[in-house]
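Have a look at the structure below, then the notes.
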Amino acid sequence: MENAIVKTISLKKHYNAGTRTVAALDGVDFEVRRREFVSVIGKSGCGKSTLLHMIGGLDMPDSGTVVVDGMNLSEMNQEQLALFRRRKAGFIFQQYNLIPDLSVYDNIIFPLELDGVHPGEGFVRELLSALHIADKAELFPGMLSGGEQQRAAIARALAARPAIILADEPTGSLDTLSGHDVMGLLKVMAEKYQQTLIVVTHDLDIAQMADRIVRLKDGKIWKGSDSYAGES
Ligand SMILES: Nc1ncnc2c1ncn2[C@@H]1O[C@H](COP(=O)(O)OP(=O)(O)OP(=O)(O)O)[C@@H](O)[C@H]1O
Ligand SMILES: [Mg+2]
């Protein structure tokens, strides 16, 4: 693929589950073009989160290669990986993972401050406005609705202007309406800031918002044509 920002080659990851070994990823060749929006679907346990973790440098494969924006993650040391995670990749999780005793604003700047960087107040306010939570900046996460908390988490993921956004079931804790709202905003934001977006989801309506849908089955990319219905 020309202009791939993400490329995995023969990616394998096994986990030990009691007496047996689970192949969470069993040889995944996956590519995403710069600025593409790809959704990843497949039933529970098929390896979606594992794939996202490998791409984001949160975990290392047993074998195979992950290249993101020209960088081979397996050639990086711990320090380089930590920087990669904070600067290159923005993560959004189902459970928001906001720090409860920091304001929304401080939650957004906190990861960058770890690096002694400040995104600039103007940019943070711009993100909050675009996500329709400008008036929530000084509140604590517990005072926000689920959808608002997830939009705050999106602002936090975008604050470092990462090249790729990795979202693991970002609407999984939201009702359908606010889930679609949040996803629509995330898509618009990724387009605005020219980011590559990879979203794991169980929601087929959300999956269909992407440029392309990739389906995993038993740790492999599934190219079959059988229906996905009822598999979530
Ligand atoms: N830390 C771990 N220890 C042991 N097994 C694990 C671990 N993480 C994942 N697995 C196993 O690897 C497989 C893939 O897990 P993964 O979390 O990637 O699935 P998933 O597609 O994200 O599922 P879900 O839709 O339920 O989130 C599963 O069988 C899971 O039980
Ligand atoms: Mg998962």
Would you please test D205 and T176 for side-chain contact (heavy atoms from CB on, under 4.5 Å) and show each step?
CA-CA 10 Å; D205 290 332; T176 307; 5.6 Å; no
Any chance you could lay out the side-chain contact (heavy atoms from CB on, under 4.5 Å) test for V6 and I164, step after step, and finish with the verdict?
CA-CA 9 Å; V6 173; I164 58 170; 4.3 Å; yes
Apply side-chain contact (heavy atoms from CB on, under 4.5 Å) to residues Q208 and I213 and explain how you reach the verdict.
CA-CA 7 Å; Q208 271 152 8; I213 299 177; 3.9 Å; yes
Check against side-chain contact (heavy atoms from CB on, under 4.5 Å), R87 and D115
CA-CA 9 Å; R87 300 259 176 92; D115 284 340; 3.4 Å; yes
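Side-chain contact between V199 and K187: absent, with no pair of heavy atoms (C-beta onward) separated by less than 4.5 Å. Looking only at side-chain heavy atoms (C-beta outward), M209 and S39 stay at 4.5 Å or farther from each other. Residues L185 and D181 fail the side-chain proximity criterion, which asks for heavy atoms closer than 4.5 Å. In this structure, the side chains of P111 and R156 come closer than 4.5 Å at one or more pairs of heavy atoms.
Put simply, the side chain of N107 gets close to the backbone of L102: a donor and an acceptor are under 3.5 Å apart. No donor-acceptor pair closer than 3.5 Å links the side chain of T201 to the backbone N or O of A207. In this structure a side-chain-to-backbone donor-acceptor pair under 3.5 Å is present from Q195 to P162. With hydrogens and angles disregarded, no donor-acceptor distance shorter than 3.5 Å links the side chain of K88 to the backbone of L83. Of the possible polar contacts, one joining the R151 side chain to the L131 backbone as a donor-acceptor pair under 3.5 Å is found. Using a distance-only test at 3.5 Å, with no hydrogens or angles considered, a donor-acceptor pair links the side chain of K48 to the main chain of G42. Checked by atom type and distance alone, the side chain of K136 never pairs as donor or acceptor with a backbone atom of L144 at under 3.5 Å. At least one donor-acceptor pair closer than 3.5 Å links the side chain of Q80 to the backbone N or O of N77. In this structure, S103 contributes its side chain and D106 its backbone to a donor-acceptor pair below 3.5 Å. Proximity of a side-chain donor or acceptor of R215 to a complementary backbone N or O of W222 within less than 3.5 Å is not detected.
Applying the side chain to side chain donor-acceptor pair (under 3.5 Å) test to residues at least two apart or on different chains, none of the pairs has a partner in residues 92-101.
Expressed to the nearest 0.5 Å, how far CD1 of I5 lies from CD1 of I55 amounts to 11.0 Å. In this structure, CD on Q194 lies 10.5 Å from CZ on R34, to the nearest 0.5 angstrom. Rounding to the nearest 0.5 Å places CG of D62 at 5.0 Å from NZ of K13. Distance check: D59 CG to L52 CG gives 12.0 Å after rounding to the nearest 0.5 Å. Distance check: I221 CD1 to C46 SG gives 10.5 Å after rounding to the nearest 0.5 Å. With values rounded to the nearest 0.5 angstrom, E75 atom CD is found 8.5 Å from T65 atom OG1.
In this structure, R212 and V32 approach most closely via the heavy-atom pair NH2-CA, 3.9 Å. For G179 against T171, the heavy-atom pair with the smallest separation is O-CG2, 3.2 Å. Summarising the geometry of M54 relative to L25, their closest heavy-atom pair is CG-CD1, 3.9 Å, with the distance given to 0.1 Å. Nearest heavy atoms, T21 versus H14: CG2-CB, 3.6 Å. The minimum heavy-atom distance linking L197 with A190 is given by the pair CD2-CB, 4.0 Å. Listed here is the closest heavy atom pair of V182 and G147: CG2-O, 3.7 Å.
A continuous path of Ile, Leu, Val, Met, Phe, Trp and Tyr side chains, each step under 4.5 Å between heavy atoms, connects V66 with F84, placing both in one hydrophobic cluster. V214 is connected to V68 through a chain of hydrophobic side-chain contacts under 4.5 Å among Ile, Leu, Val, Met, Phe, Trp and Tyr, so both are in one cluster. In terms of hydrophobic clustering, with Ile, Leu, Val, Met, Phe, Trp and Tyr side chains grouped at heavy-atom distances under 4.5 Å, L186 and I198 are assigned to different clusters. Residues L112 and I154 do not share a hydrophobic cluster, defined by chaining ILVMFWY side chains whose heavy atoms lie under 4.5 Å apart. L58 and F110 end up in different hydrophobic clusters when Ile, Leu, Val, Met, Phe, Trp and Tyr side chains are linked at under 4.5 Å.
Heavy-atom contacts from other residues, nucleotides or ligands closer than 6.0 Å to CG of L177 number 12 or fewer. For Y105, the OH atom sits in a packed shell: over 12 heavy atoms of surrounding residues, nucleotides or ligands are nearer than 6.0 Å.
The aromatic rings of F123 and Y193 sit perpendicular, their planes meeting at an angle over 60°, well past the 30° parallel limit.
Classification of E113 and R86 as a salt-bridged pair fails, no side-chain N sitting under 4.0 Å from a carboxylate O. A salt bridge links K220 with D26: the distance from a Lys NZ or Arg NE/NH1/NH2 to an Asp or Glu carboxylate oxygen falls below 4.0 Å. We find that R33 and D211 are not joined by a salt bridge, their nearest charged nitrogen and carboxylate oxygen being 4.0 Å or further apart.
Think of V188 as one node in a network of Ile, Leu, Val, Met, Phe, Trp and Tyr side chains linked at under 4.5 Å; it has no links at all.
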